[in-house]
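The structure under discussion appears below in the form of structure tokens.
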Amino acid sequence: MNPSTPLRRLIPRRNGLDAATSLSHTRFPIPLPLRQRRHASSSDPPSTASNPILEAYKRENANTPDLAAQQMAQAQQQMSTPGDLPASSIFEDDRRARAQQTQTTSEPVSTEPPRDPANMARVLDPDPNARERWLRKKVIQMVRKGGRLSMEEFVKRTEREHLLKSENLKTSIKKLGMLARQIQGKGLEEAMVQMRFSKKKVAGEVLKVLEAARDEAVVMRGMGLGGAGTDIAAPSPKSRLIGAETTEPLSIQLKDGSRYAVKDESKIYIDQAWVGRGPYGKLPDYRARGRVFIMRTPWTSLSVVLKEEATRVREWREREAKRLRERLNKVWVPLPDRPVQGMRGQYYSW
């Protein structure tokens, strides 16, 4: 610095230096980042000042459940699940939205109009007068009969049977008819074994039909369940002599004359089996010189009627009773021992 410089020129520079120095040493509040402010606010000591409005609200709603506490408990429960997302995760909102969407889709809202009872009654009972006349007729018949049932009605109420018609099978009546005659009259299990080891191609389809018929008969009619572990008690000749309680299967005679031992009246057997003609298909038959014929491929259905062994026993007893009546009514009686009247000799009288 030149010593000849006046003092008045140095004073402003002195003031400028002091101002710059004072600005550099002045402390201004610098905003903290969001994460630091969150931790800083959480580390601040809680305020001891009371809020009268909040206290009054808590006193009035002391018995009501705290929704915030419940949400916090649910969040803690979710966080307690291993591998789950915490409540503060950025994917929590997305998961809640998906859960709400699945809940709404699981409970579809019916858009159909409510059913009209008048329309339903019109469909279920199109002619009420005819129904009333039919009921009146049946009541009159019941009163006239004194509550007695016919033989057919009694059999329908006391015995079980099931009818099943299969879908169309790709075979002919001639081929399927042989298998129908083979299984008719046999026990259901025996017929299934026969079809299982048969060499016929359609025997596998017949086996499936018999399995379906067995399942429907057991589920829909309750067949084959009545005599589980029980046998028909028929006293043997030895038991009549010695007075023992030994029993043996009931031996009956079938329609073809063969003997059959019945051990369980609830056992299922095939009473009837027949075939039905179905539609015909078309297949090309390629021949020489570019000619094509049309083959008609037959389709056939199989129908079976399943019954229980109790029906066989009843039919056998009815046949035996009829045979006994015929034998008693047609007893041979010798001619009376008296002389023949009106003999004209060995020649005719014309």
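Residue numbers start at 1 and run along the sequence shown. Keep in mind the model is a prediction, meaning the values are calculated, not measured.
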Rounded to the nearest 0.5 Å, how far does CH2 of Trp316 lie from CD of Gln253? 9.0 Å

Answer whether the closest heavy-atom distance between the side chains of Arg214 and Met192 falls below 4.5 Å. yes

More than 12 heavy atoms of other residues, nucleotides or ligands under 6.0 Å from CD1 of Ile53: is that the case? no

Please give me the minimum heavy-atom distance between Pro126 and Val123, naming the atom from each residue. CD-O, 3.8 Å

Work out which heavy atom in Thr300 is nearest to a heavy atom in Gly276; give both atom names and the distance. CG2-O, 3.1 Å

Distance, nearest 0.5 Å, that separates CD of Glu161 from CZ of Arg221: 8.0 Å

So does Arg312 pair up with Glu309, basic N to acidic O under 4.0 Å? yes

SB check Glu326 Arg323 (cutoff 4.0 Å): no

For residues Leu250 and Leu254: do they belong to one hydrophobic cluster (side chain heavy atoms under 4.5 Å, members Ile, Leu, Val, Met, Phe, Trp, Tyr)? yes

Output, in order, the C-alpha distance, side-chain angles, deciding distance and verdict of salt bridge (charged side-chain N to carboxylate O under 4.0 Å, His left out) for Glu152 and Lys156. CA-CA 6 Å; Glu152 184 179 359; Lys156 288 291 184 182; 5.8 Å; no

Please say whether more than 12 non-hydrogen atoms of neighbouring residues, nucleotides or ligands are located less than 6.0 Å from NZ in Lys200. no

Would you say that more than 12 heavy atoms from the other residues, nucleotides or ligands in this model lie under 6.0 Å from the CZ of Arg144, or not? no

Would a single hydrophobic cluster contain both Trp299 and Leu169, if residues Ile, Leu, Val, Met, Phe, Trp and Tyr are joined by side-chain heavy-atom contacts under 4.5 Å? no

Give a yes or no on whether a salt bridge exists between Glu153 and Arg157, defined as a side-chain N under 4.0 angstrom from a carboxylate O. no

Test Val262 against Ile252 for side chain to side chain contact (heavy atoms under 4.5 Å, CB included), laying out the working first. CA-CA 7 Å; Val262 180; Ile252 64 176; 3.7 Å; yes

Give, for atom CZ of Arg160 and atom CD of Glu308, the distance between the pair rounded to the nearest 0.5 Å. 5.0 Å

According to a hydrophobic-cluster definition based on side-chain heavy atoms being under 4.5 Å apart (Ile, Leu, Val, Met, Phe, Trp, Tyr only), do Leu179 and Ile270 belong together? yes

Would you indicate whether the side-chain heavy atoms of Met151 and Glu318 approach each other to under 4.5 Å? yes

Taking all atoms of both residues into account, what is the closest heavy-atom pair of Lys165 and Ser301, and its distance? CE-OG, 3.6 Å

Distance, nearest 0.5 Å, that separates CG of Leu210 from CE of Met195: 7.5 Å

With a 3.5 Å distance limit and no angle check, can you tell me whether Asp125 reaches the backbone of Ala121 through a side-chain donor-acceptor pair? no

With a sphere of 6.0 Å drawn around CZ of Arg196, does it hold more than 12 non-hydrogen atoms of other residues, nucleotides or ligands? no

Measure the spacing between CZ of Phe154 and CG of Leu149 and express it to the nearest 0.5 Å. 8.0 Å

Just by distance, no angles: are the side chains of Thr311 and Glu159 close enough, under 3.5 Å, to form a donor-acceptor pair? yes

Heavy-atom check, side chain of Leu176 versus side chain of Leu302, under 4.5 Å: yes

So with a 6.0 Å cut-off around CZ of Arg319, is the heavy-atom count from everything else above 12? yes

Are Gln194 and Gln182 close enough that a side-chain donor and a side-chain acceptor fall under 3.5 Å? yes

Is the closest side-chain heavy-atom distance between Leu135 and Arg131 below 4.5 Å? yes

Cluster check Leu306, Trp274: I/L/V/M/F/W/Y, side chain < 4.5 angstrom: no

I'd like to check Glu205 versus Lys170 (side-chain heavy atoms, cut-off strictly below 4.5 Å). Are they in contact? no

I need the minimum non-hydrogen distance between Asn168 and Pro279, along with the two atoms involved. ND2-CD, 3.5 Å

To the nearest 0.5 Å, atom CE of Met220 lies from atom NE2 of His162 at 5.5 Å

Side chains of Glu189 and Tyr269: is there a donor and an acceptor less than 3.5 Å apart? no

Does the Arg327 side chain pair with the main chain of Leu324, one donor and one acceptor, at a distance under 3.5 Å? no

Should Gln184 and Asp271 be marked as a side chain to side chain contact (heavy atoms under 4.5 Å, CB included) after you check the CA-CA gap, both sets of side-chain angles, and the distance that decides it? CA-CA 6 Å; Gln184 182 178 2; Asp271 182 67; over 6 Å; no

Would a single hydrophobic cluster contain both Leu164 and Ile268, if residues Ile, Leu, Val, Met, Phe, Trp and Tyr are joined by side-chain heavy-atom contacts under 4.5 Å? yes

